[in-house]
Trainee: 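Please read through the structure below; I'll follow up with questions.
Computation of the quantities below employed the complete heavy-atom set of this structure, encompassing side-chain atoms and omitting hydrogens, waters and symmetry-equivalent molecules. Order of the sequence lines fixes the chain letters, A, B, ..., with proteins taken first and strands second; residue numbering starts at 1 for each chain.
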Amino acid sequence: MEQESLANDEAALNELLRMRRQKLASLKAKGVDPYGHRFEQTALAKEIREEFDAFAGKTVRVAGRLLAKRTHGKATFADLQDRSGQIQLYVRYDRVGEESYDLFKLLDIGDIVGVEGTVFRTRQGEITVEAATVELLCKSLRPLPEKWHGLRDVELRYRQRYLDLIMNSQVRETFYRRTGIIRALRAFLDARGFLEVETPVMAPVAAGAAARPFVTHHHALDLDLYLRIALELPLKRLLVGGLERVYELGRVFRNEGISTRHNPEFTMLEAYQAYADYEDMMRLTEEMLVSVAEEVVGCRQIRYRGQEIDLSPPWPRLGVLEALRRFAGLPWEQLPEREEAWQKARELGITLEQGASTGKIIDALLQALVEPHLQQPTFLVDYPVEVSPLAKRKTDAPDLVYRFELFIAGRELVNAFSELNDPLDQRERFLAQARARAGGDEEAQMFDHDFLEALEYGMPPAGGMGLGVDRLVMLLTDAPSIRDVILFPTLRPLG
RNA sequence: AGGCCCUUAGCUCAGUCGGUAGAGCAGCUGACUCUUAAUCAGCGGGUCCGGGGUUCGAGUCCCCGAGGGCCUACCA
């Protein structure tokens with residue numbers, strides 16, 4: 001059965017694939033190991049080009065993938081790509097000898113080679129390694145995409161990201177920068193005494209955010225577990241435990257739609273600081289994002305989708321109700337009655353679920369009327385308590401909470417608040433969420449009894465913040481889609 | 001989940017009014033020892049996403065399905 005399908009595959013191979021297998025066979029026949037071994041790289045393409053004066057005339061050992069070949073009878077030029085970039089190779093018959101030269105002619109674009117040679121500059125001015133020896137490190141059995149246009153097909157780019165990375169240098173740069181951003185976030189928090197921790201990805205309760213979770217099952221325990229939708233509650237247990245400043249950078253999972261701004265699994269950063277409040281978190285957020293931008297972009301002004309965005313702090317703080325007055329002409333000085341809010345939303349043609357609370361209506365109004373206007377960094381502050389079940393109530397307006405969301409380029413990037421540390425109030429909030437859940441709101445938070453017990457031991461007042469890391473990467477790499485900043489975005493499997 | 005659009009050679013793309021399936025790159029053969037989108041001569045390469053229908057005849061028109069993109073909705 002296995003044999004048969006393999007034979008069929010062989011028969012179905014097209015000409016290009018057959019040719020490569022023939023070359024593989026003739027290499028083996030010549031006694032060449034087509035899958036190579038250790039090769040010590042002593043130089044990278046980029047450093048040879050940037051520091052040519054230091055390398056000129058010296059012997060280097062470079063390794064990488066062949067991306068182009070230009071054969072001129074008894075001499076051949078080729079382009080080699082390693083992790084740093086590309087460099088030209090020059091292979092001459094009278095330098096490497098007949099055997100090696102014939103071998104080199106057998107190599108295909110896409111093969112991985114190691115070359116020892118001397119660095120020089122051609123008459124045309126191209127910095128080049130003239131090979132003394134060429135070693136095959138891996139024979140490639142499939143042709144690479146086209147050299148001018150690279151790999152354009154968006155689906156193939158996501159499904160075969162390795163080809164995207166080989167062919168499209170700006171894609172490599174994006175992912176290098178992604179790592180730079182994450183490193184800068186860590187460095188910033190580490191320098192302020194935050195402890196990086198790891199908490200469970202699987203948990204019996206999915207809480208800490210309003211979202212539908214993925215469910216899985218543990219066989220030995222015969223227990224349904226949820227993939228986490230947020231990092232919040234385990235981290236706050238650590239505040240109870242006295243760690244005072246903690247953060248986690250990790251994957252969370254939400255069983256919801258896919259779009260240019262949403263992938264089912266994405267990376268969040270959450271940080272909690274004891275004895276701080278949400279105003280401290282605003283300053284922390286400003287300093288953190290400026291520091292990251294300066295680290296990876298080199299300045300505070302960035303361009304996103306053709307638009308200039310200035311990250312210089314301080315960023316405006318705009319009350320939720322004030323924002324509705326300013327951008328939507330809604331007159332409210334304080335949280336309106338539900339009926340009034342409902343009426344206004346209907347007039348404005350905003351779609352709402354039947355049982356939406358005042359808070360949800362306000363949230364919907366903000367999304368439709370305010371958020372698209374917030375292109376420059378803006379903190380929207382003081383949200384309704386109903387949509388913020390883990391945030392502390394404002395002392396002078398208990399139907400609002402000390403909470404902000406940061407918007408840049410019309411998108412929510414950060415959600416943060418003064419953490420609710422009153423266990424009795426927290427219990428009431430969980431109960432309200434449970435009622436909403438019972439009423440059919442699948443995104444209402446689950447009741448986390450264990451967390452409540454922790455709160456009863458006492459959690460210091462604290463500020464906490466959560467940052468959508470992928471969206472920050474989009475902003476700092478000018479990426480139009482979240483899939484452009486996730487190496488392997490979620491796709492339907494083929495056939 | 002709903003709407004609009006896309007799917008043709010390994011890759012990037014043409015394909016007129018329904019009438020024998022095209023180009024460039026890549027590949028193969030030959031020439032060529034400083035080219036760089038190397039050049040020159042020649043050759044091969046197709047499940048036109050899948051299934052059904054209309055038609056003398058379908059890459060092209062119609063229906064169903066698959067995958068993808070964008071927008072809307074939910075969320076970060």
Trainee: Between B:U36, B:C70, B:A26, which one does the side chain of A:Ile109 approach most closely?
Mentor: B:A26
Trainee: Distance between the P atoms of B:C4 and B:G65, in whole angstroms?
Mentor: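 Taking atom P in both B:C4 and B:G65, they lie 14 Å apart.
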Trainee: Counting side-chain heavy atoms from CB outward, which of B:G69, B:U33, B:U12 is closest to A:His72?
Mentor: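 Selected nucleotide: B:U33.
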Trainee: For B:A58 versus B:G52, give the span between their C1' atoms, rounded off to a whole number of Å.
Mentor: 13 Å
Trainee: Side chain of A:Arg492: nearest nucleotide among B:G69, B:U33, B:G68?
Mentor: B:G68
Trainee: Which listed nucleotide (B:A73, B:U33, B:G27) is nearest to the side chain of A:Lys74?
Mentor: B:U33
Trainee: Apply ring-ring contact (aromatic ring centres under 6.0 Å, His included) to A:Phe417 and list each qualifying residue two or more places apart in sequence or on a separate chain.
Mentor: none
Trainee: Which residues satisfy the side chain to side chain contact (heavy atoms under 4.5 Å, CB included) test with A:Arg411, sequence neighbours excluded?
Mentor: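 Scan of A:Arg411 (side chain to side chain contact (heavy atoms under 4.5 Å, CB included), adjacent residues dropped) gives A:Arg261, A:Tyr304, A:Met474.
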Trainee: Quick one: list whatever passes side-chain hydrogen bond (donor to acceptor under 3.5 Å, both in side chains) with A:Gln375, sequence neighbours left out.
Mentor: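 A:Gln307.
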Trainee: Please enumerate all residues that pass side chain to side chain contact (heavy atoms under 4.5 Å, CB included) together with A:Ser388, with sequence neighbours excluded.
Mentor: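 With sequence neighbours excluded, A:Ser388 shows a side chain to side chain contact (heavy atoms under 4.5 Å, CB included) to A:Tyr383, A:Ala391, A:Val401, A:Arg403, given in chain and number order.
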Trainee: Distance check, C1' atoms only: B:C34 and B:U16, in whole angstrom units.
Mentor: 47 Å
Trainee: Please give the distance between the P atoms of B:G44 and B:U29 as a whole number of Å.
Mentor: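 Those two atoms are separated by 15 Å.
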Trainee: A:Phe77 and A:His72: aromatic ring centres closer than 6.0 Å?
Mentor: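 Between A:His72 and A:Phe77, which both carry aromatic rings, the centre distance is below 6.0 Å.
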Trainee: Hey, can you pull the residues of residues 361-381 of chain A with a non-hydrogen atom under 4.0 angstrom from RNA chain B?
Mentor: A:Gln367
Trainee: Looking at CE of A:Met202 and OG1 of A:Thr216, how far apart are the two atoms once the value is rounded to the nearest 0.5 Å?
Mentor: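 Result: 7.0 Å between the selected atoms.
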Trainee: Any chance you could encode RNA chain B as dot-bracket? Rule is Watson-Crick or G-U wobble with both distances under 3.5 Å; [ ] for pairs crossing earlier ones, | for another strand.
Mentor: (((((((..((((.....[..)))).(((((.......))))).....(((((..]....))))))))))))....
Trainee: If you measure from the P atom in B:U12 to the same atom in B:G53, how many Å do you get, rounded?
Mentor: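 Looking at atom P only, B:U12 and B:G53 are 33 Å apart.
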Trainee: Sequence neighbours excluded, which residues qualify as ring-ring contact (aromatic ring centres under 6.0 Å, His included) partners of A:Tyr35?
Mentor: none
Trainee: Please identify each residue that fulfils side-chain hydrogen bond (donor to acceptor under 3.5 Å, both in side chains) with A:Arg251, with sequence neighbours left out.
Mentor: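 In terms of side-chain hydrogen bond (donor to acceptor under 3.5 Å, both in side chains), with neighbours along the sequence ignored, A:Arg251 is linked to A:Glu265.
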Trainee: Kindly state which residues belonging to residues 157-167 of chain A come within less than 4.0 angstrom of RNA chain B, counting heavy atoms of the residue only, listed by number.
Mentor: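 The stretch gives A:Tyr158, A:Arg159 as the residues lying under 4.0 Å from the strand, ordered by number.
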Trainee: Judged by modelled atom types alone, do A:Tyr90 and A:Gln88 share a side-chain donor-acceptor pair under 3.5 Å?
Mentor: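 On atom types as modelled, these side chains do not qualify, holding no pair under 3.5 Å.
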Trainee: Roughly how far apart, to the nearest Å, are B:G24 and B:C64 at atom C1'?
Mentor: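 Between the two C1' atoms, the distance is 36 Å.
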Trainee: For a quick check under 3.5 Å, do A:Asp153 and A:Tyr158 share a side-chain donor-acceptor pair by atom type?
Mentor: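 Side chains of A:Asp153 and A:Tyr158: no pair found under 3.5 Å.
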Trainee: Using the C1' atom as the reference point in each nucleotide, state the distance between B:G50 and B:U8 in Å, no decimals.
Mentor: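 My reading of the C1' atoms in B:G50 and B:U8 gives 15 Å.
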Trainee: Can you figure out which of B:C71, B:U35, B:C34 approaches the side chain of A:Thr260 most closely?
Mentor: B:C71
Trainee: Please collect all side-chain hydrogen bond (donor to acceptor under 3.5 Å, both in side chains) contacts where either partner lies in residues 357-368 of chain A, sequence neighbours excluded, each pair once.
Mentor: A:Lys360-A:Asp441
Trainee: Taking only residues two or more places apart in sequence or in another chain, which ones pass side chain to side chain contact (heavy atoms under 4.5 Å, CB included) with A:Gln124?
Mentor: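 Applying side chain to side chain contact (heavy atoms under 4.5 Å, CB included) to A:Gln124 gives A:Thr122.
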Trainee: Identify each atom pair where a protein N or O and an N or O of nucleotides 22-25 of chain B are less than 3.5 Å apart, giving names and distance.
Mentor:
residue, atom, partner, partner atom, Å
B:G24, N2, A:Glu146, OE2, 3.1

